[in-house]
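Input: a single structure, listed below in structure tokens.
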Amino acid sequence: MSYSPEDVRRYYDEYGDKEWTRLESSLHGRIQFETTISIVATYLKDGDYVLDAGGGPGRYAVWLARRGADVYLGDISDEQLRIARTKIEEAGVEASVKMVKRLDICDMEDIPDHTFDMVLCLGGALSYVRERHVDACAELIRVAKPGSHLVISAMSLLGTFHLISTLDAADFLENIEDHVEWALGSTFPDIIYSKPGSPEWHAPMTLYTSTYLRGLLEEMGCNVVETAATNTITSGEFKLPRITESPEAVKALIMLEKSFCSHPGVTDMGQHILVVARTPT
């Protein structure tokens, strides 16, 4: 199944406010957000002009603006952009968010070359474009200034498969070729596409290893400076009520997640892989 922009747009139009609340309504979401911004903050400079590509309802855009950046927020969903405009206004950062516009990361022809001091593509946007992820990465690099930082994230292949035993997913194992475009017994790849029509996925997507993403960016002339993962300890499948009820436990868990996220032993075992690279000079 090829990438369908209309299908992705429809999914996120219908998903609505849940895309904003998911990063605050659960401990899992909070950790994803806190881990991601801790990595971005390492490379962000005051006054940077930042592209938040696939930025949805604007949670990262608001954070960036509050950190002193100027922001161009682009997303494929009109509904997510509507929510973003409301959230940006509520946060009082309209002056710093220079543009809120519909955008497909595979084709950003309206944006000139070498426009941004930093380019972000966080969450799952790179996974949803499926076979066009190479085009998307090329576009993200094109609009970044030479030698600037590019931060991308995508759904983790090994992290997703690590959930099989956690979820006791017998059906997935018994009928694995109905769910992914890979045959059990063949060489395990560094990139897998979900099978169209499988109920295991909320939308058609691509799962990656950090090895694949690093190699792809390096082939495009980038210098990878960091790989990391979100939610290396926590899983969205569990609500963790005892930890959630303890502020001390929550604080400790977030600190552990941030400490673990860039450790070589876990960068493929979280929900999302994050890769930070310098674009070609």
Ser262 side chain near Glu226 side chain, heavy-atom distance below 4.5 Å = yes
Output the rest of the hydrophobic cluster of Leu167: all Ile, Leu, Val, Met, Phe, Trp and Tyr residues reachable through side-chain heavy-atom contacts under 4.5 Å, sorted by chain and number.
-> Leu163
Look at Arg10 together with Glu14 and state whether they make a salt bridge at an N to O cut-off of under 4.0 Å.
-> no
Going by heavy atoms in the side chains, are Arg66 and Val93 under 4.5 Å from each other?
-> yes
For Asp48, which residues count as a side chain to side chain donor-acceptor pair (under 3.5 Å) partner, sequence neighbours excluded?
-> none
Do Leu216 and Val134 have side chains that get closer than 4.5 Å, going by heavy atoms?
-> yes
Any salt bridge (Lys or Arg N to Asp or Glu O under 4.0 Å) pairs touching residues 173-195, not counting sequence neighbours?
-> Arg130-Glu181
Residues at least two apart in sequence or cross-chain that pass salt bridge (Lys or Arg N to Asp or Glu O under 4.0 Å) with Asp46, listed by chain then number, are none
Can you measure from CG (Leu51) to CG (Leu120) and round to the nearest 0.5 angstrom?
-> 7.5 Å
If only atom types and distance count, is the side chain of Thr279 paired as donor or acceptor with the main-chain N or O of Gly147 below 3.5 Å?
-> yes
Tell me, do Cys121 and Ile105 make a side-chain contact under 4.5 Å, heavy atoms counted?
-> yes
Residues which pass salt bridge (Lys or Arg N to Asp or Glu O under 4.0 Å) with Glu94, listed by chain and number, not counting sequence neighbours | none
Return the set of residues passing salt bridge (Lys or Arg N to Asp or Glu O under 4.0 Å) with Lys258 (not counting sequence neighbours), or none when no residue passes.
-> Glu34
Under 4.5 Å between any side-chain heavy atoms of Pro189 and Ile192, yes or no?
-> yes
Would a 4.5 Å heavy-atom cut-off, applied to side chains only, mark Thr35 and Asn231 as touching?
-> no
Name all residues meeting the salt bridge (Lys or Arg N to Asp or Glu O under 4.0 Å) criterion together with Arg82; count only those two or more places apart in sequence or in a different chain, and write none if there are none.
-> Glu79
Value for CG (Asp52) from CG (Leu122), rounded to nearest 0.5 Å, stands at 6.5 Å
When Glu24 is tested against each of Lys87, Arg59, Arg30 for salt bridge (charged side-chain N to carboxylate O under 4.0 Å, His left out), which residue passes?
-> Arg59
Residues at least two apart in sequence or cross-chain that pass side chain to side chain donor-acceptor pair (under 3.5 Å) with Ser96, listed by chain then number, are none
Asp135 and Tyr3 side chains, donor-acceptor separation under 3.5 Å = no
side-chain contact (heavy atoms from CB on, under 4.5 Å) with Asp171: which residues, sequence neighbours excluded?
-> Asn175, His179, Glu200
Would you call Glu245 and Arg242 a salt bridge, using N to O less than 4.0 angstrom?
-> no
Val40, Val225: one ILVMFWY side-chain cluster at the under-4.5 Å cut-off?
-> yes
Can I get a per-line list of side-chain donor-acceptor pairs under 3.5 Å for residues 152-160, giving both atom names and the distance, sequence neighbours left out?
| from | atom 1 | to | atom 2 | distance (Å) |
| --- | --- | --- | --- | --- |
| Ser153 | OG | Gly123 | N | 2.7 |
| Ser153 | OG | Gly123 | O | 2.9 |
| Ser156 | OG | Gly159 | N | 3.0 |
| Ser156 | OG | Asp268 | O | 3.0 |
| Thr160 | OG1 | Ser156 | O | 2.6 |

Do any pairs count as a ring-ring contact (aromatic ring centres under 6.0 Å, His included) and have a residue in residues 94-152, sequence neighbours left out, and if so which ones?
-> Tyr12-Tyr128, Tyr43-His149, Tyr49-Phe116, Tyr72-Phe116, Tyr128-His202, His133-Tyr208, His133-Tyr212
Hydrophobic clusters join Ile, Leu, Val, Met, Phe, Trp and Tyr when side-chain heavy atoms are under 4.5 Å apart, directly or via other members; which others share one with Leu253?
-> Leu27, Ile31, Ile233, Phe238, Leu240, Ile243, Val250, Ile254, Leu256, Phe260, Val266
Are any non-hydrogen side-chain atoms of Thr36 and Tyr60 less than 4.5 angstrom apart?
-> yes
Check ion pair Lys45-Asp117 (N to O, under 4.0 angstrom) | no
